[in-house]
Trainee: 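Take a look at the following structure, please.
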Amino acid sequence: MNDYLTTQLLVIGGGLAGFAAALSAAEAGLNVLLLEKTAATGGSSAMSGGCLAFAGTDLQQERGIEDSAELLFNDLVEVGKGECDEALVRAYTDNQLATYAWLKRHGVTFQPVIETASGQSVPRVHNVDPADMVRQLEQAALASGKVEILYQTRARRLLRDISGRVIGVTAEQAGQTLEIHAERGVVLACGGFVHDREMIHRFAPLYDDAVFIGGEGNEGDGLRMAWALGADVRDMVHIKGTFGKHPMDEHNHHACLAVYKGAIAVNQDGKRYVDESLSYKLLGDACMQQPYGVTYQILDRDIMQSGDNRVRILDFERRLEEGLFVKADSLEQLARLLELPEQTLVDEVNAYNAAVNEGHTPEFGRQHLVHQFGELRPIVHPPFYAYPSTAAVFGTYCGVRVDAQMRVQDVFGEPIEGLLAAGEMVGGLHGAAYMTGSALGKAAIFGRLAAATVVNG
């Protein structure tokens, strides 16, 4: 291979955002070179729960669910506690329905909309096989004849011309240094930094002892390259883990969220400590502040049976079969098995049940199963179950500041010419918390928007 390459558009990162950008640009006639740091594409996208947040789709209409871009916008701003960039949220909501249709045209198969999800006032989670979704876009990109992929190629530094415009990168492949020039621009779509513990400690020391799960290449490369050019950042203080990861299970990388079906969360003292209907990112924060950073989701037979095996976070039966739930015939026995104070746990469940049965708001202000959706239910019918839970950082969901066209902004609010970003390494959309499906949604939508900006000049 020559140590000097040229292309029209250079995309760094082979996850959903990268392929959404590459394929969209190829459809507009551009030649694209995509660099993938590892030996296989997919990254954190392929490891995710496969949820995308869309509003006003045919799948919602089939179930009689009334939703709109404006309601989605309001939910995203509310969940983000006003800390998000509303211009980015508007870019998401204005372009989400077209992106849904685009994904379907490229063979992505969506499951029926699920009812229970964090931060949504109506059901809008559209579930997919995430690895298959990335493969579908990759195959379409390669079939276009416009996209070339270089595997095991790590971008190291961005290159600028005399005017300051980004014109390419230096990269490494098999010990060889490559210089790659991109006539129309560079899209950074290389994920977050879950595998850089020093950077995690710098921004989120609360999570020093958390579990970290994500694409093996997610070491903050894109963020550092952009920083070197003066890029501004957003949401770094809002890095959060996802509640519901079993602390002892090394094989199942997904959270279990029985709280969103009516379970309560108790700490090592057997006491509730949080409104369980909150975003699972806020639940993660609350969990990590409890003794040992491990708590328990407590549920009964009815809640166990209300799980949904189509959705990984709600597939209680599979977790039960895997031996991850603790099961008991009484709350007293459950407390003994968990080594919790028996009477404290019994009293806590009884107090919660009394509030639910009497129509009162339980302690900590819980009014719904999740966000503004679902009626609370008592925990009364044996057998009873507990799911040991900690917080896992599945993604950093913060990063460079961009405008609504995905142009990276410097610390003075000016665009860094020729440099765009998409996917997990973009900050500003989520704000202080997180809506289920907005990370994959952001990857697809913002990847396409970045390509459109390059195409339209």
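A quick note: this is a predicted structure, and the numbers were derived from the prediction, not measured.
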Trainee: Does the side chain of Asp232 come under 3.5 Å of the side chain of Gln409 through a donor N or O and an acceptor N or O?
Mentor: no
Trainee: Side chains of Asn267 and Gln290 only: does a donor on one sit below 3.5 Å from an acceptor on the other?
Mentor: yes
Trainee: Any side-chain donor-acceptor pair under 3.5 Å between Glu424 and Thr396?
Mentor: yes
Trainee: Give a yes or no answer on whether the side chain of Gln268 reaches the backbone of Glu339 with a donor-acceptor pair at less than 3.5 Å.
Mentor: no
Trainee: In Å, rounded to the nearest 0.5 Å, how long is the span from OG1 of Thr153 to CD of Glu36?
Mentor: 9.0 Å
Trainee: Donor-acceptor check, side chain of Arg407 to backbone of Val402, threshold 3.5 angstrom: yes or no?
Mentor: no
Trainee: Look at the side chain of His371 and the backbone N and O of Phe373, then say whether any donor-acceptor pair between them is shorter than 3.5 Å.
Mentor: no
Trainee: So, taking the atom named CD1 in Ile313 and the one named SG in Cys51, what distance separates them when rounded to the nearest 0.5 Å?
Mentor: 5.5 Å
Trainee: Which is it for Phe325 and Cys256 under the side-chain contact (heavy atoms from CB on, under 4.5 Å) test, yes or no, and what are the steps along the way?
Mentor: CA-CA 10 Å; Phe325 274 99; Cys256 176; 4.1 Å; yes
Trainee: Does any non-hydrogen side-chain atom of Tyr151 lie less than 4.5 Å from one of Gln173?
Mentor: no
Trainee: State which residue, out of Leu35, Leu159, Val186, fulfils the side-chain contact (heavy atoms from CB on, under 4.5 Å) condition with Ile180.
Mentor: Leu35
Trainee: Are the side chains of Ser438 and Leu76 in contact, using a 4.5 Å heavy-atom criterion?
Mentor: yes
Trainee: If you apply the rule salt bridge (charged side-chain N to carboxylate O under 4.0 Å, His left out), what do you find for Arg224 with Asp196, and how did you get there?
Mentor: CA-CA 12 Å; Arg224 287 191 177 88; Asp196 187 310; 2.6 Å; yes
Trainee: Taking the side chain as everything from C-beta on, heavy atoms only, tell me whether Leu150 gets closer than 4.5 Å to Glu148.
Mentor: yes
Trainee: Check whether the side chains of Lys442 and His430 place a donor and an acceptor atom closer than 3.5 Å, and report yes or no.
Mentor: yes
Trainee: So do Leu334 and Lys327 actually touch side chain to side chain, heavy atoms under 4.5 Å?
Mentor: no
Trainee: Kindly compute the distance separating CG (Leu299) from CE (Met304), expressed to the nearest 0.5 Å.
Mentor: 5.0 Å
Trainee: Among Arg156, Lys37, Arg154, which residue satisfies the salt bridge (charged side-chain N to carboxylate O under 4.0 Å, His left out) criterion with Glu172?
Mentor: Arg156
Trainee: Would you say the side-chain atoms of Glu138 and Thr41 include a donor-acceptor pair closer than 3.5 Å?
Mentor: yes
Trainee: Quiz question: by atom type and distance under 3.5 Å, do the side chains of Gln367 and Glu375 form a donor-acceptor pair?
Mentor: no
Trainee: Taking only residues two or more places apart in sequence, or in another chain, which ones meet Glu348 in a salt bridge (charged side-chain N to carboxylate O under 4.0 Å, His left out)?
Mentor: Lys271
Trainee: Taking all non-hydrogen atoms of both residues, which atom of Ile379 and which atom of Val349 are closest, and how far apart?
Mentor: O-CG1, 3.7 Å
Trainee: Using 0.5 Å steps for rounding, measure from the CD1 atom of Ile239 to the NZ atom of Lys281.
Mentor: 10.5 Å
Trainee: Could you tell me whether Tyr292 atom OH has more than 12 heavy atoms of other residues or ligands within 6.0 Å of it?
Mentor: no
Trainee: To the nearest 0.5 Å, how far apart are OG1 in Thr436 and CG in Leu52?
Mentor: 11.5 Å
Trainee: When you measure from the side chain of Asn95 to the backbone N and O of Ala91, does any donor-acceptor pair fall under 3.5 Å?
Mentor: yes
Trainee: So, Arg90 and Glu70, do they make that salt bridge, N to O below 4.0 Å?
Mentor: yes
Trainee: Looking only at atom types and distance, does a side-chain atom of Gln297 sit under 3.5 Å from a main-chain N or O of Val259, one as donor and one as acceptor?
Mentor: yes
Trainee: What is the minimum heavy-atom distance between Asp285 and Leu206, and which atoms define it?
Mentor: OD1-CD2, 3.7 Å
Trainee: Please confirm whether the backbone N or O of Asp67 pairs with a side-chain atom of Arg124, one donor and one acceptor, at under 3.5 Å?
Mentor: no
Trainee: Using modelled atom types and a 3.5 Å cut-off, is there a donor and acceptor pairing between side-chain atoms of Gln60 and backbone atoms of Gly56?
Mentor: yes
Trainee: Are Tyr434 and Tyr280 near enough that their ring centres are under 6.0 Å apart?
Mentor: yes
Trainee: Would you say the side-chain atoms of His201 and Asp208 include a donor-acceptor pair closer than 3.5 Å?
Mentor: yes
Trainee: For Ala21, is there any backbone N or O sitting under 3.5 Å from a side-chain donor or acceptor partner on Ser24?
Mentor: no
Trainee: Say you draw a straight line from CZ of Phe316 to OG of Ser306; how long is it, rounded to the nearest 0.5 Å?
Mentor: 5.5 Å
Trainee: Is Arg336 atom CZ crowded by more than 12 heavy atoms from other residues, nucleotides or ligands, each under 6.0 Å away?
Mentor: yes
Trainee: Do we see a donor-acceptor contact under 3.5 Å between the side chains of Arg366 and Ser277?
Mentor: no
Trainee: Do Met236 and Leu223 come within less than 4.5 Å of each other through their side chains, counting heavy atoms only?
Mentor: yes
Trainee: Do you know which two heavy atoms are closest between Met288 and Thr390, and how far apart they sit?
Mentor: SD-OG1, 3.8 Å
Trainee: Indicate the atoms forming the closest heavy-atom contact of Leu257 with Leu314, along with that distance.
Mentor: O-CD2, 3.7 Å
Trainee: Identify the two heavy atoms, one from Gln372 and one from Ser121, that lie closest to each other, and give their separation to 0.1 Å.
Mentor: OE1-CB, 3.7 Å
Trainee: Do NZ/NE/NH1/NH2 and the carboxylate oxygens of Arg202 and Glu198 come within less than 4.0 Å?
Mentor: yes
Trainee: Do Ser389 and Phe243 touch side chain to side chain, with heavy atoms closer than 4.5 Å?
Mentor: yes
Trainee: Would Leu103 and Leu137 count as a side-chain contact (heavy atoms from CB on, under 4.5 Å) if you check the C-alpha gap in whole Å, the side-chain angles of each, and the deciding distance to 0.1 Å?
Mentor: CA-CA 8 Å; Leu103 290 169; Leu137 298 189; 4.0 Å; yes
Trainee: Do Tyr100 and His126 have ring centroids that are under 6.0 Å from one another?
Mentor: yes
Trainee: Would you please classify the geometry between the Phe446 ring and the Tyr92 ring as parallel, tilted or perpendicular, with 30° and 60° separating the classes?
Mentor: perpendicular
Trainee: Using a strict 4.0 Å threshold on nitrogen-to-oxygen distance, state whether Asp235 and Arg401 make a salt bridge.
Mentor: no
Trainee: Where do Ala392 and Lys245 come nearest, in terms of heavy atoms and distance?
Mentor: CB-CB, 3.6 Å
Trainee: Above 12 or not: heavy atoms from other molecules or residues under 6.0 Å from CD of Glu216?
Mentor: no
Trainee: Verify, without hydrogens or angle tests, whether Tyr397 (side chain) and Gly427 (backbone) share a donor-acceptor contact under 3.5 angstrom.
Mentor: no
Trainee: Given Tyr273 and Thr295, is the side chain to side chain donor-acceptor pair (under 3.5 Å) satisfied, shown in steps?
Mentor: CA-CA 10 Å; Tyr273 59 91; Thr295 62; 2.9 Å; yes
Trainee: Set out, in order, the CA-CA distance, both residues' side-chain angles and the distance that settles side-chain contact (heavy atoms from CB on, under 4.5 Å) for Val11 and Val32, then state yes or no.
Mentor: CA-CA 7 Å; Val11 176; Val32 182; 3.9 Å; yes
Trainee: For Ile298 and Leu338: C-alpha separation, side-chain torsions, deciding distance, then whether side-chain contact (heavy atoms from CB on, under 4.5 Å) applies.
Mentor: CA-CA 11 Å; Ile298 307 297; Leu338 299 174; 4.2 Å; yes
Trainee: With the side chain counted from C-beta on, respond yes when Val237 and Phe203 share a heavy-atom pair under 4.5 Å apart, and no when they do not.
Mentor: no
Trainee: With a 4.5 Å cut-off on side-chain heavy atoms, are Arg234 and Asp85 touching?
Mentor: yes
